[in-house]
Peer 1: 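Got a structure for you, written out below as structure tokens; questions coming shortly.
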Amino acid sequence: MSTIYDVKAEVAADTLLDKAGYEAMYRDSVADNEGFWKKQAAIVDWIKPFSKVKDVSFAREDLHIRWYYDGTLNACYNCVDRHLATKADDVAIIWEGDDPQRDLKITYRELHKRVCRFANVLKKLGAKKGDRITLYMPMIPEAAVAMLACARIGAVHSVVFGGFSPDALAGRIHDCESNIVITADEGLRGAKKIPLKASVDAAAAHESVTTLEKVLVVRNTGADIEWDAGRDHWLHEMEAEVDDDCPCEEMSAEDPLFILYTSGSTGKPKGVLHTTGGYLVYAALTHKYVFDYKPGDVYWCTADVGWVTGHSYIVYGPLANGAITLMFEGVPNYPSASRFWEVCDKHQVNICYTAPTAIRALMREGDAPVKKTSRASLRLLGSVGEPINPEAWEWYYHVVGDERCPIVDTWWQTETGGILISPLPGATALKPGSATRPLFGIQPAIVDSEGVELEGAAEGNLVISDSWPGQMRTVYGDHQRFVDTYFATFPGRYFTGDGARRDKDGDYWITGRVDDVLNVSGHRMGTAEVESALVAHPQVAEAAVVGYPHDIKGQGIYAYVTLMDGVASSDDLRSELVKWVRKEIGPIAAPDLIQWAPSLPKTRSGKIMRRILRKVAEDEFGNLGDTSTLADPGVVQDLIDNRMNRS
Ligand code: WT7
């Protein structure tokens with residue numbers, strides 16, 4: 001049994017939760033779910049108040065999820081305009097550049113002006129309510145401004161992580177039929193330049209991209225870029241021609257706010273669709289409670305806005321709460337391994353929310369780079385993206401937090417819109433490696449492979465039994481895929497794709513994905529996607545991809561590749577395949593290890609036996625389980641003899 005830490009946090013005056021307070025509020029939230037969410041919806045300002053709270057069915061034949069559906073509001077108004085009366089001159093965004101010499105503070109008044117001008121530029125480019133606008137941006141304030149400007153005019157943003165390849169970007173533009181792309185000349189990360197505009201040009205040249213009309217470009221590094229005079233527009237030139245005033249579009253609670261593509265176990269990435277009212281209520285409420293946010297706190301989430309963490313916990317949640325949100329352009333180890341903690345000291349950060357992969361990478365550099373900084377401003381630490389191993393948790397707690405700061409290990413997904421399982425600081429006893437308890441209104445359950453709910457201490461598949469306002473509403477353009485992916489495996493419940501254990505105290509421990517989805521440095525990657533990238537190479541006949549434990553990334557990508565007849569394997573071909581996958585998807589999908597496999601282990605019906613491939617990749621082939629259904633048992637010995645990951 002691991003240590004339990006009971007860390008007393010200063011508790012915010014308006015949340016006032018201790019252990020008993022959490023338990024009572026949780027009980028009420030489940031006993032009267034509609035009543036609870038009706039009351040909590042007051043965290044946002046409504047234009048037309050709702051009278052209907054919840055209309056949900058998880059039944060496969062009649063799947064629908066609606067919250068607050070006769071109310072109207074505007075998300076941008078809630079994140080910006082409504083704060084002008086009381087905190088116009090307070091800082092909304094602190095921006096810290098990749099270069100430690102560069103930073104910027106933006107007040108709510110300035111944010112309002114920038115968002116209005118940006119929104120007017122979008123209108124001038126022809127943007128209308130309901131249009132899908134793709135953002136392919138570096139971590140600069142304009143990324144947040146662009147998201148809010150879309151929300152202001154009722155356009156639906158689809159942010160594509162700047163590390164994705166032109167092909168991946170093209171696929172996403174095509175899927176949601178985007179008419180406008182917003183980008184920058186270049187991005188900057190760890191002093192390396194990222195040619196964003198050039199990637200947009202390459203994506204736009206893709207034959208599948210037929211809807212794109214305009215590209216709006218932010219001048220960031222000032223690099224020379226190619227220019228298409230009919231299509232491309234500089235933001236700074238257009239901004240000079242528009243005014244500071246732009247009204248907010250009145251949106252129905254169930255109008256789409258954004259699409260965010262995420263990988264699944266099959267096929268191409270899914271466009272996860274979130275709507276306006278429920279999402280904003282959920283992002284704001286969870287930001288307030290989980291991070292115990294008090295006015296004036298400096299809050300820093302180190303994620304990129306290209307992921308859902310950046311949407312909910314850099315932009316929408318904090319800004320809806322009128323918070324000071326820090327946005328960081330750089331990486332944890334540039335110019336040195338002290339950077340994160342130097343940023344904390346420089347901006348007097350109180351709350352720091354980061355990922356286990358960053359913690360492990362910094363832990364490897366030892367305690368000295370941490371200990372040379374003060375970190376006295378820190379009050380609370382957070383973790384997200386993958387299970388945090390107890391060793392990294394302890395280091396974060398003892399070395400970074402000086403045993404003073406509670407750690408909130410927050411479990412959630414792109415699909416959930418916000419945090420579902422997490423300790424509440426001061427209210428929940430902490431166990432290194434456990435995400436602990438469900439938040440208000442969240443009803444997790446553990447079911448076995450037959451769908452039978454397990455009671456008490458148990459391990460199995462993690463499902464959620466009832467809806468919450470931040471839940472995704474559909475897969476953009478493919479509702480059937482939404483139904484089949486999340487509601488078919490365990491009828492009547494939302495299936496998370498994760499495994500979990502519940503201990504005798506009722507705390508949850510997420511054990512990782514139970515489907516063919518990898519978690520590489522906290523980024524989700526479908527094995528099927530990497531496989532189809534590999535087989536698209538002319539010399540590859542077949543490929544199978546699995547994960548294996550990786551010290552820093554959590555999971556590494558292990559690919560078994562069968563070459564076309566007559567093609568000789570070589571180290572050159574290996575590096576070419578890695579480059580190929582980087583080009584097809586992006587650097588995060590690049591295989592760490594490639595094993596040449598003359599053939600793959602298959603059942604007599606031709607199904608690849610991934611269980612065996614996983615065991616070999618984990619270097620645990622002593623225990624391969626039942627191999628009696630293999631069509632050709634001889635294949636396995638060759639895989640073992642030539643395995644790449646030997647401890
Ligand atoms: C998957 C979702 C949630 C925002 C970032 C990732 C894993 C996430 C935790 C955690 C254990 C976690 C799960 C989940 N995951 N947070 N605290 N403990 N696992 O969003 O890309 O949609 O990935 O990340 O496996 O299903 P995402």
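Counting starts at 1 for both ligands and their atoms, following the listed order.
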Peer 1: Only heavy atoms of Asp409, strictly under 4.0 Å: list the atoms of ligand 1 that pass.
Peer 2: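 Selected atoms, number and element: 10 (C), 17 (N), 18 (N).
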Peer 1: For ligand 1, which is the ligand I care about here, please tell me if Ser383 has any N or O atom under 3.5 Å from one of the ligand's N or O atoms.
Peer 2: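 Min N/O separation from ligand 1 is not below 3.5 Å for Ser383.
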Peer 1: Identify, for atom 2 (C) of ligand 1, the protein heavy atom at the shortest distance, and state residue, atom and that distance.
Peer 2: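 The closest heavy atom on the protein side is Trp412 O, 3.6 Å.
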Peer 1: Given Arg524, His523, Glu386, which one has a non-hydrogen atom that is nearest to atom 10 (C) of ligand 1?
Peer 2: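 When every heavy atom of Arg524, His523, Glu386 is considered, Glu386 comes closest to atom 10 (C) of ligand 1.
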Peer 1: Using a 6.0 Å cut-off, check whether atom CZ of Arg611 has over 12 heavy atoms from anything other than its own residue.
Peer 2: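 Enclosed.
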Peer 1: Less than 3.5 Å between some nitrogen or oxygen of Thr309 and one of ligand 1, yes or no?
Peer 2: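 Min N/O separation from ligand 1 is not below 3.5 Å for Thr309.
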Peer 1: Counting only heavy atoms from other residues, nucleotides and ligands, does the tally under 6.0 Å from NZ of Lys268 exceed 12?
Peer 2: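 Incorrect, the count does not exceed 12.
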Peer 1: Counting C-beta onward and ignoring hydrogens, is there a side-chain heavy-atom pair between Cys176 and Tyr261 closer than 4.5 Å?
Peer 2: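 A side-chain contact exists here, since the closest heavy-atom pair is under 4.5 Å.
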Peer 1: Does an N or O anywhere in Thr496 fall below 3.5 Å from an N or O of ligand 1?
Peer 2: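 No, no N or O pair falls under 3.5 Å.
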Peer 1: Show the atoms of ligand 1 that are less than 4.0 angstrom away from any heavy atom in Val308.
Peer 2: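 Counting atoms of ligand 1 from 1, those under 4.0 Å from Val308 are 4 (C).
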Peer 1: Check the side chains of Ser158 and Tyr476 for a donor-acceptor pair under 3.5 angstrom, ignoring hydrogens and angles.
Peer 2: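 Judged by distance alone, the side chains do not pair up.
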Peer 1: Out of all atoms in ligand 1, which are within 4.0 Å of some heavy atom of Asn519? Include the element for each.
Peer 2: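 The list of qualifying atoms is 7 (C), 24 (O).
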Peer 1: Quick one: are the ring centres of Trp307 and Tyr313 less than 6.0 Å apart?
Peer 2: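 Aromatic pair excluded; centres sit 6.0 Å or further apart.
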Peer 1: Mark up the atoms of ligand 1 that fall under 4.0 Å of a heavy atom belonging to Pro387, in ascending order.
Peer 2: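 Counting from 1, the qualifying ligand atoms are 11 (C), 18 (N), 19 (N).
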Peer 1: So which bit of Asp498 gets within less than 4.0 Å of ligand 1, heavy atoms only: side chain, backbone, both or neither?
Peer 2: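 Under 4.0 Å from ligand 1, Asp498 contributes side-chain atoms alone.
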Peer 1: Can you find an N or O of Thr410 that's nearer than 3.5 Å to an N or O of ligand 1?
Peer 2: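 Between Thr410 and ligand 1, an N or O pair is found under 3.5 Å apart.
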Peer 1: Does anything in residues 545-558 pair up under salt bridge (charged side-chain N to carboxylate O under 4.0 Å, His left out), and if so which pairs, sequence neighbours excluded?
Peer 2: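 As it turns out, the salt bridge (charged side-chain N to carboxylate O under 4.0 Å, His left out) pairs with a partner in residues 545-558, which skip direct neighbours, are Lys553-Asp592.
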Peer 1: By number and element, which atoms of ligand 1 are closer than 4.0 Å to a non-hydrogen atom of Thr414?
Peer 2: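 Ligand 1 atoms under the 4.0 Å threshold to Thr414: 20 (O), 21 (O), 22 (O), 27 (P).
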Peer 1: Taking the six-membered ring for Trp, are Tyr299 and His287 closer than 6.0 Å centroid to centroid?
Peer 2: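 Yes, they do, as the ring centres are separated by less than 6.0 Å.
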Peer 1: Verify the ring-centre separation between Tyr397 and Tyr5: is it less than 6.0 angstrom?
Peer 2: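 Between Tyr397 and Tyr5, which both carry aromatic rings, the centre distance is below 6.0 Å.
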Peer 1: Around atom 24 (O) of ligand 1, find the nearest protein heavy atom and jot down its residue, atom name and distance.
Peer 2: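 Protein heavy atom at minimum distance: Gly385 O, 3.3 Å.
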Peer 1: Do any side-chain atoms of residues 449-464 form donor-acceptor pairs under 3.5 angstrom with protein atoms, and if so which ones, sequence neighbours left out?
Peer 2:
residue, atom, partner, partner atom, Å
Glu453, OE1, Arg493, NH1, 3.3
Glu453, OE1, Arg493, NH2, 3.2
Asn461, ND2, Val447, O, 3.3

